[in-house]
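In what follows, a structure is listed as structure tokens, so that the remarks can point back to it.
Bear in mind that the values here come from a model prediction, so they are computed numbers and not experimental data. Just follow the structure's listing: the first ligand is 1, and inside any ligand the first atom is 1. All values below come from the heavy atoms of this structure, side chains included, with hydrogens, waters and symmetry mates left out. Counting begins at 1 with the first residue of the sequence.
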Amino acid sequence: MVSENMEKAINEQLNAEMYSGYLYLSMAAYFEDQDYPGFAQWMRVQAQEELDHAMKFYDYLNTRGARVTLTAIEAPQTEWDSIEAVFKHVLEHEQMVTSLINNLVDIAIEEKDHATNQFLQWYVEEQVEEEESAMEVLGKIKRAGGAANAEQQTFYTC
Ligand code: FEO
């Protein structure tokens with residue numbers, strides 16, 4: 001069992017993860033349009049990961065006998081001023097998601113819901129990686145100079 005309060009909070013997070021997937025798919029579409037297939041592919045992989053994050057919450061609610069309630073997903077931004085602006089947005093978005101996950105952990109601790117707290121620790125670790133990978137790409141873009149050069153150095157030299 002999870003509390004009604006926790007059920008509601010996890011459903012909201014499920015929506016936030018779906019939105020993240022939608023946002024990254026929108027960024028992928030932007031890069032496709034700008035002819036940056038490497039960046040587009042990076043975003044497609046991120047979008048799929050976000051759907052996986054959402055489905056982990058979906059499965060957890062079902063495992064605990066709680067109700068999954070899907071709600072409208074907000075329309076994502078579709079245009080950005082530059083490649084750097086896109087990845088700055090990714091980093092800011094992931095930092096925001098980290099704060100949402102931390103809030104969920106706070107609720108689990110307040111409610112002494114140890115099972116949910118333990119389940120959420122996977123997301124706590126995942127957010128460290130999510131922020132790190134956004135910072136890594138952003139750093140490469142800043143160092144690389146031009147956009148094509150940035151894509152080359154970021155995705156084709158590993
Ligand atoms: Fe599901 Fe990128 O956080």
Closest approach to atom 2 (Fe) of ligand 1 by Glu130, given as the N, O or S atom name: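 It is OE2, the N, O or S atom of Glu130 closest to atom 2 (Fe) of ligand 1.
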Glu94 atom (N/O/S) at minimal separation from atom 2 (Fe) of ligand 1: OE2
For atom 1 (Fe) of ligand 1, the closest N/O/S atom belonging to His53: ND1
Which atom of Glu50 approaches atom 1 (Fe) of ligand 1 most closely (N/O/S): OE1
Do any N/O/S atoms of [X] come under 2.8 Å of atom 2 (Fe) of ligand 1?
{"X": "Glu49", "value": "no"}
{"X": "Glu126", "value": "no"}
{"X": "Glu17", "value": "no"}

[X] and [Y]: side chain donor to acceptor below 3.5 Å:
{"X": "Tyr60", "Y": "Thr116", "value": "yes"}
{"X": "His93", "Y": "Ser20", "value": "yes"}
{"X": "Glu50", "Y": "His53", "value": "yes"}

Parallel, tilted or perpendicular: ring planes of Phe57 versus Phe119, cut at 30 and 60 degrees: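 Answer is perpendicular, since the angle exceeds 60°.
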Chi angles and distances behind the salt bridge (charged side-chain N to carboxylate O under 4.0 Å, His left out) call for Glu12, Lys8: CA-CA 6 Å; Glu12 285 170 2; Lys8 182 170 177 287; 3.0 Å; yes
Cluster check Phe87, Tyr30: I/L/V/M/F/W/Y, side chain < 4.5 angstrom: yes
